[in-house]
Engineer: 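Could you have a look at this structure, given as structure tokens, before my questions?
Quick note: numbers below take in every heavy atom, side chains included, and nothing from hydrogens, waters or symmetry partners. In each ligand, atom 1 is the first atom listed, and ligand 1 is the first ligand listed. What you see is a predicted model, and the numbers here were worked out from it, not measured in a lab.
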Amino acid sequence: MGAYVITGGSKLSGKIRVQGSKNASLPILAATILNCQKSRVKNVPEIKDVQVMISILTMLGADITQNGNELTIDTSAVNTWEVPEQLMRKMRSSIVLMGPLLGRFGRVKVSYPGGCEIGPRPIDLHLKGFAALGVKMSESHGFIYAEAGKLKGANIHLDFPSVGATENLMLAAVLAEGRTIIRNAAKEPEIVDLQNFLNKMGCRVKGAGTDTIKIEGCSIADLKPVEDYTVIPDRIAAGTYLVAAAATRGNIVLENVILEHIEPILAKLREMGCRIKTEDDRVELWVETPLRALDSLRTLPYPGFPTDMQAPMMALLATVEGTSIITETVFENRFKHAEELRRMGANIKINGNTAIIKGIKRLTGAVVEAKDLRAGAALVIAGLAADGKTIVEGTSYIERGYEWFDRNLQALGAKIEKTN
Ligand code: EPZ
């Protein structure tokens with residue numbers, strides 16, 4: 001099992017370019033199934049989750065060439081609607097393949113995605129939405145069979161603005177007959193990026209970024225190849241590097257960010273006393289005065305504070321004197337990193353979905369284990385801020401979402417090495 005060996009205490013400094021967005025790339029790659037032709041997608045991060053999506057699409061019959069962060073995907077030969085179970089198990093978000101396969105073939109077979117480290121993660125909102133579009137579903141032996149002669153546009157109101165359900169229903173509704181309206185839709189930037197990609201392919205989607213998305217169905221014959229599409233930068237990767245800089249009381253510049261997308265994160269860093277300068281697609285962070293604890297940090301759907309930044313922020317707040325309170329409202333079980341941070345001397349009490357953090361002067365290095373992607377990033381941040389050596393085991397989780405994480409941190413002056 002790979003591990004990062006970190007010697008803490010260096011203040012991060014310098015400039016790096018932020019990777020493309022994992023959570024925008026995955027549904028966009030799934031969407032390439034719809035046009036039965038070529039799509040060229042740029043700024044796709046070289047991470048494990050993208051490799052899993054590429055493997056799944058290839059097993060479905062797609063022809064994919066990869067040149068660094070650029071993928072050319074030809075789905076004309078895709079000839080099956082059964083998503084391979086072993087690959088589906090590797091990555092929950094492959095559930096978003098249900099929408100485009102239903103749109104293209106009128107049927108799909110997927111294995112039921114289990115829960116994961118951060119919560120039970122049901123897909124009831126996805127299935128309810130598909131039923132509204134006229135899909136008949138049955139479950140047996142851990143598989144979902146879904147079938148619809150022809151999808152029919154419908155009015156769908158989501159009980160919760162689920163990112164995955166919004167994406168899956170958009171991906172199905174673009175090839176449905178008539179109009180679909182999704183209300184209480186998720187407003188994340190990744191949803192807007194998916195809309196823009198679909199419209200570049202000839203679909204007719206409006207309203208992404210608001211809580212009401214309108215889709216005029218069309219047929220495959222109306223769709224065209226996507227010559228060239230560039231995925232948005234990863235707002236969570238950007239936030240992670242900024243929090244790492246703050247935790248080491250350093251001074252870094254990030255290039256290739258969309259400022260509006262990271263504003264919910266910048267707002268909290270400013271509240272803590274970080275100095276922040278923004279210009280075009282660049283953001284600089286530095287620390288001049290002692291940082292302040294946060295009375296309240298509440299995770300919420302966008303544009304609230306992102307749950308994916310909760311773990312990195314906990315690592316930072318563990319080093320800021322005073323009492324901070326984090327409330328996790330999106331996932332039921334997303335405090336696994338607290339236990340590992342306590343091994344490094346952090347003072348954190350968990351009470352239901354609330355974490356009470358009493359910041360200390362200095363964490364101490366230890367052997368800790370990443371139990372999910374963002375928890376792993378948080379432990380690396382803690383190791384950079386700690387006294388002595390930290391070994392973070394479970395790098396495979398981190399490599400699922402962060403491109404060249406160790407190299408980027410080395411470029412910012414961190415003492416971090418990957419061992420196998
Ligand atoms: C997406 O997951 C992201 N993943 C997650 O990022 C992110 O944490 C999450 O959105 C919230 O922002 C990708 O985009 C690939 P949801 P998703 O459906 O779509 C409940 C990372 O670290 N729910 O918005 O699975 C669910 O259990 C990952 O990059 C239902 O109850 O999130 C959760 O509590 C982790 N029924 C809440 O809604 C449903 O049918 C939010 O889930 C669907 C969801």
Side-chain angles (χ1 to χ4, degrees), residues 19-31 44-45 47-50 52-53 56 88 90-99 112-132 137 144 156-171 182 184-194 211 231-232 234-240 261 264-265 298-313 328-334 336-337 353 370-378 397-403 405:
Q19 65 179 70
S21 165
K22 165 179 87 79
N23 291 347
S25 297
L26 297 173
I28 284 174
L29 295 179
V44 177
I47 54 175
K48 286 210 163 108
D49 276 9
V50 165
V52 173
M53 186 57 90
I56 295 177
M88 183 120 194
K90 278 197 178 166
M91 184 176 69
R92 288 196 80 262
S93 42
S94 44
I95 195 76
V96 289
L97 287 156
M98 284 188 82
Y112 211 105
C116 80
E117 296 71 19
I118 62 178
R121 304 184 78 175
I123 56 166
D124 55 319
L125 302 177
H126 300 237
L127 303 184
K128 255 197 245 171
F130 287 141
M137 279 157 287
I144 303 170
I156 299 168
H157 186 101
L158 293 176
D159 300 342
F160 180 88
S162 151
V163 172
T166 303
E167 293 165 344
N168 229 342
L169 297 171
M170 283 164 76
L171 288 162
I182 305 173
N184 196 25
K187 296 184 274 197
E188 271 68 4
E190 295 76 27
I191 307 277
V192 179
D193 211 23
L194 178 61
D211 60 11
V231 171
I232 56 173
D234 196 308
R235 61 193 170 99
I236 305 299
T240 304
H261 294 173
I265 304 165
R298 193 176 192 81
T299 67
L300 287 165
Y302 189 87
F305 186 87
T307 171
D308 296 343
M309 282 302 300
Q310 180 256 100
M313 281 298 273
E328 173 56 62
T329 75
V330 178
F331 287 103
E332 301 82 351
N333 186 11
R334 200 170 200 179
K336 287 257 171 67
H337 38 283
N353 70 343
K371 299 215 171 105
D372 67 69
L373 165 61
R374 308 303 172 183
Y397 277 113
I398 299 170
E399 290 157 357
R400 288 189 56 174
Y402 292 97
E403 184 184 66
F405 200 41

Engineer: Holding to salt bridge (charged side-chain N to carboxylate O under 4.0 Å, His left out), I want the full list of residues that pass it with Glu190, two or more places apart in sequence or in another chain.
Structural biologist: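 Expected list: Arg235.
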
Engineer: Backbone N or O of Gly401 within a donor-acceptor pair of the Gln19 side chain at under 3.5 Å?
Structural biologist: yes

Engineer: For ligand 1, list the protein residues that place a heavy atom within a distance below 4.0 Å of one of its atoms, sorted by chain and number.
Structural biologist: Lys22, Asn23, Ser93, Ile118, Arg121, Pro122, Ile123, Asp124, Leu125, His126, Phe160, Ser162, Val163, Gly164, Thr307, Asp308, Val330, Phe331, Glu332, Arg334, Leu373, Arg374

Engineer: Between Ser25 and Val50, what is the shortest heavy-atom contact and its length?
Structural biologist: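 Of all heavy-atom pairs spanning Ser25 and Val50, the closest is CB-CG2, 4.5 Å.
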
Engineer: Between CE of Met53 and CD1 of Ile47, what distance do you get to the nearest 0.5 Å?
Structural biologist: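 One finds 10.5 Å between CE of Met53 and CD1 of Ile47.
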
Engineer: Against Glu328, only a single residue in Arg298, Gln310, Arg334 fulfils side chain to side chain donor-acceptor pair (under 3.5 Å); can you say which?
Structural biologist: Gln310

Engineer: Less than 4.5 Å apart, any side-chain heavy atom of Leu125 and any of Asp159?
Structural biologist: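 Yes, their side chains come closer than 4.5 Å.
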
